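Numbering of residues begins at 1 and proceeds along the displayed sequence. Because the structure is a prediction, the values reported are computed rather than measured.
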Amino acid sequence: MTGEPILRAEELVFSYPDGTRALNGISLSVPRGKKTAFLGPNGAGKTTLFLHFNGLLRPQSGCVYWSGRRVRYDRSSLMTLRQNVGVVFQDPDTQLFSANVRQEISFGPCNLGWPAAKVQEQVDRAMAAVDILHLQDKPTHFLSLGQKKRVAIAAVLAMQPRVLVCDEPTAWLDAAHAAAMMDLLDRQTRDGVTVIFSTHDVDLAYSRADYVFVMKDGKLAGEGHPADIFLNDGLLARADLAQPQLVEIYRDLVEKGWLPPGRPPRTKQELLERIPPRGGRRCSK
Ligand SMILES: Nc1ncnc2c1ncn2[C@@H]1O[C@H](COP(=O)(O)OP(=O)(O)O)[C@@H](O)[C@H]1O
Ligand SMILES: [Mg+2]
């Protein structure tokens, strides 16, 4: 990885009050400006780690660094951290509490003490970014799940964070809404926001992430470029992860000698482009 990481965890240990150890000395550096996926079985500690990224949880030992600076837990440091590192929960119902969409999205910027005109401008910008301007006067509890997730993201974006952390942003969404959600996150990365998300969907992580962390038992099991992660059979087995369909198909085609070995394609289009034209020669192994 090049450049200073935007977030860094150093030997984080965290146990819940009932004694469950959720983070077990995990250390990692999140690359700046990229879209980074966290994978791992249920209970691996992904959500607990995300709650450390914006100081909602405090490590029992170890440290979190934001943009090279050690996170402090006094009120004003936490306020700055939470403006810069916005966390969107898996279940929007735990996050949304205002009467309507505009009020919900205005809450964070108002709390930052911004002037009314700036709040309005940022709320409009955030709603436009996630395409919910038409919903602004709706009560949040009438919205569909996908719409609620967008409102929760807009509520974070309105504070102009440098990092957007989304816990399972595509959970419970159908395939079309999941793809739209990932497009939305892509646009944020293009606008310079570092995006971090967790998912159980290996196909999604493989095709959409720039970098992947794999967690297991509160520790890091592996990290790297998606192609390297998903060709590592030992790592996939250890972390109970399936192989993405594209990688599986690509490996079968290489095995049969229909495609030359190399880095697996990231998209279906890329795979199709590598297949020689009809009547063309198949490669030999
Ligand atoms: N509030 C809580 N109280 C007690 N244990 C918890 C709590 N939240 C999570 N855990 C436990 O901590 C571990 C890590 O959970 P979590 O961070 O939610 O993992 P993941 O997001 O990867 O599924 C699991 O064993 C889980 O049961
Ligand atoms: Mg979780």
Side-chain angles (χ1 to χ4, degrees), residues 3-17 22-23 25-34 36 38 45-92 94-99 101-127 129-130 140 151-167 188-189 191-198:
E4 177 168 33
I6 196 148
L7 279 166
R8 189 156 74 81
E10 195 179 87
E11 298 187 14
L12 294 189
V13 172
F14 182 85
S15 298
Y16 284 99
L23 297 180
I26 188 167
S27 299
L28 56 89
S29 296
V30 178
R32 188 182 291 267
K34 297 200 184 305
T36 294
F38 278 79
K46 303 180 294 295
T47 298
T48 307
L49 178 67
F50 285 4
L51 297 177
H52 280 74
F53 283 156
N54 78 342
L56 273 171
L57 292 178
R58 185 175 180 164
Q60 279 133 8
S61 68
C63 309
V64 179
Y65 293 83
W66 143 253
S67 229
R69 289 182 295 276
R70 186 174 172 159
V71 167
R72 300 208 324 255
Y73 294 87
D74 60 279
R75 210 178 122 75
S76 109
S77 305
L78 282 179
M79 189 125 162
T80 308
L81 179 69
R82 287 177 192 159
Q83 181 198 339
N84 283 296
V85 182
V87 175
V88 179
F89 299 126
Q90 175 173 1
D91 180 359
T94 60
Q95 192 150 1
L96 305 178
F97 54 87
S98 300
V101 169
R102 177 170 275 279
Q103 282 171 17
E104 184 67 51
I105 299 168
S106 307
F107 180 80
C110 283
N111 247 5
L112 293 173
W114 290 350
K118 181 172 177 185
V119 171
Q120 184 137 343
E121 185 189 312
Q122 289 309 317
V123 170
D124 285 338
R125 191 188 57 86
M127 286 195 293
V130 304
T140 46
V151 172
I153 291 175
V156 164
L157 289 181
M159 291 189 278
Q160 294 188 292
R162 308 277 300 283
V163 186
L164 175 63
V165 184
C166 290
D167 201 3
Q188 292 309 311
T189 321
D191 287 349
V193 178
T194 298
V195 172
I196 297 172
F197 68 103
S198 61

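Nearest heavy-atom pair, Ala126 versus Ile105, reported as atom, atom and distance to 0.1 Å: CB-CG2, 4.4 Å. Smallest separation of non-hydrogen atoms from Val85 and Phe53: CG1-O, 3.7 Å. Contact detail for Gly33 and Thr189: the closest heavy-atom pair is O-CG2, 3.4 Å. Across all non-hydrogen atoms, the minimal contact from Gly86 to Val156 is CA-CG1, 3.4 Å. Residues Ile26 and Leu28 approach most closely at CD1-CD2, 3.7 Å, considering heavy atoms.
In this structure a side-chain-to-backbone donor-acceptor pair under 3.5 Å is missing from Arg70 to Val64. With Gln188 contributing its side chain and Leu157 its backbone, the two residues share no donor-acceptor pair below 3.5 Å. Checked by atom type and distance alone, the side chain of Thr194 never pairs as donor or acceptor with a backbone atom of Leu164 at under 3.5 Å. Looking at Arg82, its side chain does come within 3.5 Å of a backbone N or O of Gly55 through a donor-acceptor pair. Here the side chain of Gln103 pairs no donor or acceptor atom with the backbone of Ser98 at under 3.5 angstrom. Side chain of Gln83 to main chain of Pro161: no donor-acceptor pair is present (N/O by atom type, distance under 3.5 Å, no hydrogens or angles).
Ion pairing of Arg102 with Asp124 is present here, as a side-chain N (NZ or NE/NH1/NH2) and a carboxylate O approach within less than 4.0 Å.
Note that CD of Gln160 and CD of Gln122 are 3.5 Å apart. Values are rounded to the nearest 0.5 Å. Atom CE of Met79 sits about 9.0 Å away from atom CE of Met159, to the nearest 0.5 Å. Expressed to the nearest 0.5 Å, how far CZ of Arg72 lies from OG of Ser77 amounts to 4.0 Å. With rounding to the nearest 0.5 Å, the separation of CG in Leu81 from OH in Tyr73 is 8.0 Å. Ile196 contributes atom CD1, which lies 13.0 Å from atom NZ of Lys34 (distance to the nearest 0.5 angstrom). For the atom pair CZ (Phe50) and CG (Asp167), the distance works out to 5.5 Å, reported to the nearest 0.5 Å.
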Open item on the list: Could you go through Phe89 and Leu56, starting from their C-alpha distance and side-chain angles, then the distance that decides it, and tell me whether this counts as side chain to side chain contact (heavy atoms under 4.5 Å, CB included)?
Closed with: CA-CA 12 Å; Phe89 299 126; Leu56 273 171; 3.8 Å; yes
Task: Verdict with reasoning, Arg162 to Ser67, per side-chain hydrogen bond (donor to acceptor under 3.5 Å, both in side chains) - done: CA-CA 10 Å; Arg162 308 277 300 283; Ser67 229; 5.0 Å; no
Task: Tyr65 vs Ser29, side-chain hydrogen bond (donor to acceptor under 3.5 Å, both in side chains): CA-CA, chis, key distance, verdict - done: CA-CA 9 Å; Tyr65 293 83; Ser29 296; over 6 Å; no
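Screening Thr48, Leu49, Thr47 for a side-chain contact (heavy atoms from CB on, under 4.5 Å) involving Leu51 leaves a single residue, Thr47.
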Got a list of side-chain donor-acceptor pairs under 3.5 Å for residues 8-15, not counting sequence neighbours?
{"residue": "Arg8", "atom": "NH1", "partner": "Glu10", "partner atom": "OE2", "Å": "3.1"}

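A heavy-atom distance below 4.5 Å is found between the side chains of Leu112 and Trp114. Using a 4.5 Å cut-off on side-chain heavy atoms (C-beta onward), His52 and Pro59 make contact. Residues Val165 and Asn54 have side chains not in contact (no heavy-atom distance under 4.5 Å, counting atoms from C-beta outward).
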